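Written below as structure tokens is the structure these notes are about.
For the numbers below, each heavy atom of this structure counts, side chains included, while hydrogens, waters and symmetry mates do not. If you're wondering where the values come from, they're calculated on a predicted model, not measured in any experiment. In listed order, ligands and their atoms are each counted from 1.
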Amino acid sequence: AKAAGRDGYQVFDPARHADVLAEAEQRAALERALLEEQFVVHYQPIVDLPARELIGFEALVRWNHPEAGLVGPLTFIPLAEATGLIVPLGRWVLDQACRQLAAWTAEYPEAARLRMSVNLSPRQFQHSGLVAEVAGIIERTGVPAGKLVLEITESLLMKDTEATVRTLEALKALGVRLAVDDFGTGYSSLSYLKRFPVDILKIDRSFVDGITADSGDATLAEAVVQLGRTLRLQTVAEGIETADQWSTLRELGCEYGQGYLFARPVAADEIMPLIRSRPTG
Ligand code: C2E
Ligand code: CA
Ligand code: CA
Ligand code: CA
């Protein structure tokens, strides 16, 4: 806990000191992990909802910790974001995901139609080198720009600064597609969406969760699908776990989805059967 001294200086606080040390240690561990390539990218299939056919993947980072084993991103992304390490880490994920898509495409002609979605954190988005890095990765890996989807958060759009619009437009000019992640959680006005060159809305899992039991969530999900249709944006529902949620979303007209019902995020070498398999209906 912070304690302010009489004249505004911080008073030494042992608990706070321990926090700072712990954070410095965690930061160092993250840096080491990046250097030693302890991160891995898993891929979650995104499917066409009516046909359940694979249309692409979302790249999701994990930390293969030498002692703790596989650690999920929610435990280290916030620290990476706070320390700025998300910039090199995010660049690594993007590079990895594009190389993986290029490798699958080289090996399997079926993979040529698939797209790759990669998360961009706010800090990465504000980093001045972003557009050049994305351009470089597209060029080096040979992934067609139109196959790459960058997922940004709704809160980032809500800031609505000149710089945000400029960066989005520069990314669009490269030919990549933009998705708004966790859509519906930001309490933003909907009209702002028209001002940004986005292509895809991702309906947050919290709405999908209650979609069959809670009519409020169903109404929200329906509103997002409608909005997508009006603005000619694709809609992707996340966190689909049950057949009921799947059919409800299908009836609402949501085009795409991802969730444990279809597949969990898996390591790259487990993806092949999914690419090759025909839809199961
Ligand atoms: P997100 O972007 O909303 O990603 C979807 C999360 O929902 C993933 O969690 C995924 O595993 C999980 N999920 C997918 N289907 C289901 C389902 O049916 N049920 C449930 N309960 N969960 C499902 P994950 O992999 O733990 O990632 C959590 C968050 O960490 C992501 O949320 C994203 O915000 C962040 N993240 C992950 N990878 C990256 C990355 O490379 N860069 C950045 N900046 N953030 C990342
Ligand atoms: Ca996402
Ligand atoms: Ca999401
Ligand atoms: Ca979410």
Please state which part of E81 comes within less than 4.0 Å of ligand 1, counting heavy atoms only: side chain, backbone, both or neither. neither
So is Q258 in contact with ligand 1, going by heavy-atom distances below 4.0 Å? no
Closest to atom 11 (O) of ligand 1 by heavy-atom distance, out of P45, A97, P265, is P265
Output the list of atoms in ligand 1 that are nearer than 4.0 Å to some heavy atom of V61, sorted by atom number. 38 (N), 39 (C), 40 (C), 41 (O)
Output the list of atoms in ligand 1 that are nearer than 4.0 Å to some heavy atom of D182, sorted by atom number. 3 (O)
Give me the atom names and distance for the closest heavy-atom approach of S121 to I86. OG-CG1, 3.4 Å
Contact check: L261 vs ligand 1, nitrogen or oxygen atoms, below 3.5 angstrom: no
Can a cation-pi geometry be assigned to R52 and W246, taking NZ or CZ under 6.0 Å from the six-membered ring centre and within 45° of the ring axis? yes
E58 heavy atoms within 4.0 Å reach ligand 1 at atoms 2 (O), 4 (O)
Close-contact set for ligand 1 against I77 heavy atoms, below 4.0 Å: 43 (C), 45 (N), 46 (C)
Metal check, the Ca ion (ligand 2) vs E151 N/O/S, cut-off below 3.0 Å: yes
Looking only at non-hydrogen atoms, which of V93, L94, I240 approaches atom 41 (O) of ligand 1 most closely? V93
Checking one value in my table: which N/O/S atom of E58 lies closest to the Ca ion (ligand 2)? OE2
Kindly identify the option in S121, S117, P73, G257 whose heavy atom sits closest to atom 35 (C) of ligand 1. P73
Side chain, backbone, both or neither: which part of E238 has a heavy atom under 4.0 Å from ligand 1? side chain
Report the hydrophobic cluster partners of L70, with the cluster defined as I, L, V, M, F, W, Y residues connected by side-chain heavy atoms closer than 4.5 angstrom, directly or transitively. V40
Does D181 bring an N, O or S atom to within less than 3.0 Å of the Ca ion (ligand 2)? yes
L54 side, atom CG; I275 side, atom CD1 - distance, nearest 0.5 Å: 6.5 Å
Heavy atoms of other groups near E139 CD, more than 12 under 6.0 Å: no
Taking atom types as modelled, is there a side-chain donor on E58 or N119 under 3.5 Å from an acceptor on the other? yes
Minimal heavy-atom distance between V149 and A179, with the atoms involved, is CG1-CB, 3.8 Å
Mind checking whether E151 has an N or O less than 3.5 Å away from an N or O of ligand 1? no
Any N/O/S atom, side chain or main chain, of N119 closer to the Ca ion (ligand 2) than 3.0 Å? yes
Atoms of ligand 1 less than 4.0 Å from Q44 heavy atoms? 14 (C), 15 (N)
Shortest heavy-atom approach to atom 8 (C) of ligand 1 - which of T242, V41, T75, L60: L60
Which heavy atom in E23 sits nearest to a heavy atom in L79, and how many Å separate them? CG-CD1, 3.6 Å
Output side-chain donor-acceptor pairs under 3.5 Å for residues 228-237, partner residues at least two apart or in another chain, one line each.
unit_1: T230; atom_1: OG1; unit_2: Q226; atom_2: O; d: 2.9
unit_1: Q234; atom_1: OE1; unit_2: R115; atom_2: NH1; d: 2.9
unit_1: Q234; atom_1: OE1; unit_2: R115; atom_2: NH2; d: 3.2

Donor-acceptor side-chain pairing of D244 and T242 below 3.5 angstrom: no
